[in-house]
Student: 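Questions regarding the structure given below will be posed in turn.
For this chain, numbers begin at 1 and follow the sequence in order.
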Amino acid sequence: VQLQASGGGLAQTGDSLRLSCAPSARTYSTLIVGWFRQAPGKEREFVAAMAWNGGSTSYADSVKGRFAISRDNTKNTVDLQMNGLEPEDTAVYYCAARIGRLLQFQRYYSYWGQGTQVTVSS
């Protein structure tokens, strides 16, 4: 599964940005697509994930209520809508995928896209 991430950029506190992830293979019945992020000097962490064929979603506590992950059927992408951005959201965001259960642990994700930078200024 190849993943193409897009979106990101510069924002100010309180702004919104939208990231998109296009998986090359969408026929797996248990395809899970997730977003992770890595801030400078920190380890990469889970942000959100969803099942491609179902409504199951999962969020990190730090983004609940602000971020929303969804599937865009017209673009065949998994999008991460980021609202109420904070400087702490500044990071390189990675799209990832796995086949199987919806999990938050990055070590279980076999497929990774390139990162996209999100920078939030105060």
Student: Does Gly7 offer a backbone N or O that forms a donor-acceptor pair with the side chain of Tyr93 under 3.5 Å?
Tutor: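 No, the answer is negative, given that no donor and acceptor are paired below the 3.5 Å cut-off.
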Student: Is it the case that one hydrophobic cluster holds both Leu3 and Ile99, taking links as side-chain heavy atoms less than 4.5 Å apart, direct or via other members?
Tutor: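 Yes; Ile99 is reachable from Leu3 via cluster members.
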Student: Give, for atom NZ of Lys75 and atom SG of Cys21, the distance between the pair rounded to the nearest 0.5 Å.
Tutor: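 Rounded to the nearest 0.5 Å, the NZ-SG separation comes to 11.0 Å.
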Student: Is any side-chain heavy atom of Val47 closer than 4.5 Å to one of Tyr59?
Tutor: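 Heavy-atom side-chain distance check fails, nothing below 4.5 Å.
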Student: Any idea which heavy atoms bring Ala97 and Val1 closest together, and the distance?
Tutor: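 Minimum heavy-atom separation between Ala97 and Val1: CB-CG1, 4.5 Å.
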Student: Could you go step by step and tell me if Arg101 and Tyr108 meet the side chain to side chain contact (heavy atoms under 4.5 Å, CB included) rule?
Tutor: CA-CA 10 Å; Arg101 292 188 296 150; Tyr108 294 120; over 6 Å; no
Student: Measure the spacing between OG1 of Thr116 and CG of Leu17 and express it to the nearest 0.5 Å.
Tutor: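 Here the rounded value is 9.0 Å.
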Student: Could you grab the distance from atom OG1 of Thr57 to atom CZ of Phe67, nearest 0.5 Å is fine?
Tutor: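 If I round to the nearest 0.5 Å, the distance is 14.5 Å.
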Student: Is there a side chain to side chain contact (heavy atoms under 4.5 Å, CB included) between Asp89 and Arg37 once you walk through the steps?
Tutor: CA-CA 9 Å; Asp89 296 317; Arg37 67 185 182 185; 2.9 Å; yes
Student: For Val120, does its backbone N or O pair with a side-chain atom of Thr90 as donor and acceptor, under 3.5 Å?
Tutor: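 Checking the backbone N and O of Val120 against the side chain of Thr90, a donor-acceptor pair under 3.5 Å is found.
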Student: To the nearest 0.5 Å, what is the distance between OG (Ser62) and CD (Glu45)?
Tutor: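 Here the rounded value is 5.5 Å.
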Student: Is the shortest heavy-atom distance from the side chain of Asp15 to the side chain of Leu10 under 4.5 Å?
Tutor: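 The answer is no; the side chains never approach within 4.5 Å.
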Student: Show the nearest heavy-atom pair for residues Leu85 and Ala11, with the distance to one decimal.
Tutor: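 Closest approach of Leu85 to Ala11: CD1-CB, 3.9 Å.
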Student: If you draw a 6.0 Å radius around CD in Gln2, do more than 12 non-hydrogen atoms from other residues or ligands fall strictly inside?
Tutor: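 Counting neighbours around CD of Gln2, 12 or fewer heavy atoms of other residues, nucleotides or ligands fall under 6.0 Å, so no.
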Student: Cluster question for you: counting only ILVMFWY and a side-chain heavy-atom cut-off of under 4.5 Å, with indirect links fine, are Val92 and Val63 together?
Tutor: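 Result: no, two separate clusters.
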Student: Would you name the heavy atoms of Leu80 and Ala48 that are closest together and state the gap between them?
Tutor: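 That would be CD1-CB, 4.1 Å.
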Student: When hydrophobic residues are tied together by side-chain contacts of less than 4.5 Å, even through go-betweens, does Trp112 share a cluster with Phe46?
Tutor: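 Yes, Trp112 and Phe46 fall within the same hydrophobic cluster.
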Student: Applying the side chain to side chain contact (heavy atoms under 4.5 Å, CB included) test to Met50, which of Val78, Ile32, Leu31 qualifies?
Tutor: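 Answer after filtering Val78, Ile32, Leu31: Val78.
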Student: Going by atom types only, do Gln12 and Ser121 share a side-chain donor-acceptor pair under 3.5 Å?
Tutor: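 Gln12 vs Ser121: no donor-acceptor pair found between side chains.
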Student: Can Asp79 and Arg71 be counted as an ion pair, charged N to O under 4.0 angstrom?
Tutor: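 Arg71 and Asp79: not salt-bridged.
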Student: State, without any angle test, whether Thr77 and Asp72 hold a side-chain donor-acceptor pair at a distance under 3.5 Å.
Tutor: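 On atom types as modelled, these side chains do not qualify, holding no pair under 3.5 Å.
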Student: Within 45 degrees of the ring normal and closer than 6.0 Å to the centroid, is that where the cationic atom of Arg44 sits relative to Tyr94?
Tutor: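 Pair Arg44/Tyr94 counts as cation-pi.
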Student: Run the side chain to side chain contact (heavy atoms under 4.5 Å, CB included) test on Trp35 and Cys95 for me, step by step, so that the C-alpha distance in whole Å, both residues' side-chain angles and the decisive distance to 0.1 Å come before the verdict.
Tutor: CA-CA 5 Å; Trp35 286 96; Cys95 173; 3.9 Å; yes
Student: Can you check whether Leu103's main-chain N or O pairs, donor with acceptor, with Tyr109's side chain at less than 3.5 Å?
Tutor: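 Yes, Tyr109 side chain to Leu103 backbone: donor-acceptor pair under 3.5 Å.
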Student: Going from OG on Ser16 to CE on Met82, what distance comes out if it is rounded to the nearest 0.5 angstrom?
Tutor: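 Rounded to the nearest 0.5 Å, the OG-CE separation comes to 9.0 Å.
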Student: Starting from Val33, can I reach Phe36 by hopping between I/L/V/M/F/W/Y residues whose side chains sit under 4.5 Å apart?
Tutor: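 No, it is not one cluster - the side chains of Phe36 and Val33 are not joined through contacts under 4.5 Å.
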Student: For the NZ atom of Lys64 and the CZ atom of Arg66, what is their distance to the nearest 0.5 Å?
Tutor: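 Those atoms lie 13.0 Å apart.
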Student: One pair to check against side-chain hydrogen bond (donor to acceptor under 3.5 Å, both in side chains): Gln117 and Thr119. What are the steps and the verdict?
Tutor: CA-CA 6 Å; Gln117 178 71 46; Thr119 302; 3.2 Å; yes
